[in-house]
Protein chains: 2
Amino acid sequence: MGAIGHVTPQTRHFDAPLPLRSGAQLAGYSLVYETYGTLNAARSNAVLVCHALNASHHVAGTYAGQDKSEGWWDNLVGPGKPLDTDRFFVIGINNLGSCFGSTGPMQVNPDPAKGGRPWGADFPVVTVEDWVDAQARLLDVLGIDCLAAVLGGSLGGMQALSWTLRYSARVGECIAVATAPNLSAQNIAFNEVARRAIITDPDFHGGHFYAHGVVPQRGLRVARMIGHITYLSDDSMEEKFGRSLRNASGLGRPGELAYTTQDIEFQIESYLRYQGDKFSTYFDANTYLLITRALDYFDPAAAHGGDLSAAFAAARGRRFTVVSFTTDWRFSPARSREIVKALVDNRIDVSYAEIAAPHGHDAFLLEDPRYHGLLRATFDRIARQVGA
Amino acid sequence: MGAIGHVTPQTRHFDAPLPLRSGAQLAGYSLVYETYGTLNAARSNAVLVCHALNASHHVAGTYAGQDKSEGWWDNLVGPGKPLDTDRFFVIGINNLGSCFGSTGPMQVNPDPAKGGRPWGADFPVVTVEDWVDAQARLLDVLGIDCLAAVLGGSLGGMQALSWTLRYSARVGECIAVATAPNLSAQNIAFNEVARRAIITDPDFHGGHFYAHGVVPQRGLRVARMIGHITYLSDDSMEEKFGRSLRNASGLGRPGELAYTTQDIEFQIESYLRYQGDKFSTYFDANTYLLITRALDYFDPAAAHGGDLSAAFAAARGRRFTVVSFTTDWRFSPARSREIVKALVDNRIDVSYAEIAAPHGHDAFLLEDPRYHGLLRATFDRIARQVGA
């Protein structure tokens, strides 16, 4: 297996307005994307990789001069890797509303009445379906009529599912990992607490904090800490941290409690604070709100009276691979089984794998041999099918 | 079954310093408590009820002129109820560090150097063991050598367990409901996020907000929302709220999405905000930090190299009833089984009930017929044993 080497993001501007699910529209917009591998002559070997909450178009490879800038799914995508860039042309697209380059709330609002200020809270609410529509337009530009596969985990998996419902004829296979057909009340609840932490941060200024020269870092930290708890399994957190003490406060002797309510006492506290601090330095607060709402809103069954099987009638003729992880309590295997049932109800060809992995929701990003073996076999089969 | 009627809290001041587990001591302090029923001549019918995070000494009954002021466990404690006040003398004590009357951070720091200001963040860190020691002193004053039973749920259950380890000879039976022998990394993680939300609220002022005439309500709201998610089961949240829309923003038509990131869209959001708002108007931020730390620190096995069975050797001769609820993911049945195993290892007489209830951790406060039937039978037996 080789490395993908240096990659360079590209930008494509679209002048045609994008009608959004909310009824609003985006007058014009740009998408940032990366590609890996080569599109074959038949244009049959393209694989779209959709990203989740805090990721981007930078799926694999590194940036020149930044050795530690591996893409977020670099363990999966590259020469000789399960999604083999020697055979496939892989595309990563940054979603609208993001803070990593595509048009989003940090960028200038083109409305002249806004005086050249960033969109901020005025950025329109975008949904999974809107993202998929924007992605389809970029594929038009790239000359790709039909994807060999669309792949995504978590929120990325929702986009992969949505592709089969909106652009069924343009998808060969959908690979949906660690995802769900919609958010549960508990999922929405965690999102809402994170949003409240951000929105009630005095530095949020109703979402127009850019003009104040501040960032709602307190809220972002808390939001990320909450999110992080839901990404890890109870078991893996217990194994990794347990009740180990940090002794970072310098108040207690090693192995002894310091008795403090405001300083760090346990390793798990130190870890969460670190994750929160790091996230708050690079992630945009308005993007966090938009993306958690896109998660909340995704619910393909809603337009069919809650009948998921009716919704997936639109996906007939596609092939599916659905993967879940036993310890994922954010999107549990039961949620994947709902998807599988809806597919089977439509006599759609689906493979389902429930991987025994200890790492919770985060497992979809990790290099588990059974998981990667499954994806390798799946992409080998797809390669044969599309002549890649 | 009758009502307990009007009750009146009492206050007892203690001049003798209380040595704390941290090494600090509380020079003098007051405890607020309530009692229900009558202590019999043999003084054998006393039951101590220990409270959890946001409760108090007000276990049962109402206050004169406040019809809706029922105690937090009024469905369990009263004439003819499972813990029958016609037979038992029931005691509720507000723990040190609370904001409901006993000495705590909202009260004046007696240190002359503090100029008559509230303790705030200078209130010493208190532990489950410290609470139990303070409770024991109050029982001395009430002339109660031996409790017929000590009962508690959640953090209250930890106090009940601690009684059998520190004052074994003074406890007939320990009834520990929906509790755990210590907090898991995930439990600590949720506490830490709540604490960070409070501590990083600009209105917290390092815990000395009283002097500023403000309260860190933003942080308290988020803390309560996080806590509330962990009190409810995924299933009960799904059944109660699901993905129902609130339509409170007035932006969307009934049943239709409003597409908003900052306003309420789903019923579960409305519910959590309401719970958070309510909590932030009456609960003290420093108390929240102290009580979550008492939860974090509870770990009777720690002094025995992590061997819980060795810890419970101190409880030999007592009788235990341990109760858990199938859908409680805060303190799951597996955690109760750890306690049961440690008791059995010591050949201690223990009854264990795993109640199939849908309500998650909150089930311990609800009136489930199997659960209350079990407690009724348990207290009937205890009444016969102690001649109540």
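Letters go in sequence order (proteins before strands), and every chain restarts at 1. The model shown is predicted, which means the values in this text are computed figures rather than measured ones.
- Proximity to chain A (any heavy atom under 4.5 Å) is restricted, for B:F204, to the side chain, taken from C-beta onward.
- Of the listed residues B:A194, B:A121, B:P124, B:G206, the one with more heavy-atom pairs under 4.5 angstrom with chain A than any other is B:G206.
- Pairing each heavy atom of B:P202 with each of A:P202, the nearest pair is CG-CG, 3.6 Å.
- Contacts with chain A were tallied for B:I198, B:V193, B:I268, B:L272; B:V193 has the most, counting heavy-atom pairs under 4.5 Å.
- Annotation: maximal heavy-atom pairing with chain A below 4.5 Å, among B:I199, B:L232, B:I226, B:I229, occurs at B:I229.
- Heavy atoms closer than 4.5 Å to chain B are found nowhere in A:L20, neither backbone nor side chain.
- Among the candidates A:G23, A:G242, A:A302, A:A189, the residue making the largest number of heavy-atom pairs closer than 4.5 Å to chain B is A:A189.
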Check chain A against chain B and list any donor-acceptor pairs under 3.5 Å.
residue	atom	partner	partner atom	Å
A:L183	O	B:R243	NH1	3.0
A:A185	N	B:E238	OE1	2.8
A:E192	OE2	B:R273	NE	2.8
A:E192	OE2	B:R273	NH2	3.2
A:R195	NH2	B:E269	OE2	2.7
A:G206	O	B:Q262	NE2	3.2
A:E238	OE1	B:A185	N	2.8
A:R243	NE	B:D299	OD2	3.1
A:R243	NH1	B:L183	O	3.0
A:R243	NH1	B:D296	O	3.1
A:R243	NH2	B:D296	O	2.7
A:Y259	N	B:Y297	OH	3.4
A:T260	N	B:Y297	OH	3.1
A:T260	O	B:R293	NE	2.6
A:T260	O	B:R293	NH2	3.4
A:T260	O	B:Y297	OH	3.4
A:Q262	NE2	B:G206	O	3.2
A:D263	O	B:R293	NH2	2.9
A:E265	OE2	B:Y297	OH	2.4
A:E269	OE1	B:R293	NH2	3.3
A:E269	OE2	B:R195	NH2	2.7
A:E269	OE2	B:R293	NH1	2.8
A:E269	OE2	B:R293	NH2	3.2
A:R273	NE	B:E192	OE2	2.8
A:R273	NH2	B:E192	OE2	3.1
A:R293	NE	B:T260	O	2.6
A:R293	NH1	B:E269	OE2	2.8
A:R293	NH2	B:T260	O	3.3
A:R293	NH2	B:D263	O	2.9
A:R293	NH2	B:E269	OE1	3.4
A:R293	NH2	B:E269	OE2	3.2
A:D296	O	B:R243	NH1	3.1
A:D296	O	B:R243	NH2	2.7
A:Y297	OH	B:Y259	N	3.4
A:Y297	OH	B:T260	N	3.0
A:Y297	OH	B:T260	O	3.4
A:Y297	OH	B:E265	OE2	2.3
A:D299	OD2	B:R243	NE	3.2

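- Using a 4.5 Å cut-off between heavy atoms, B:L290 touches chain A through backbone and side chain atoms alike.
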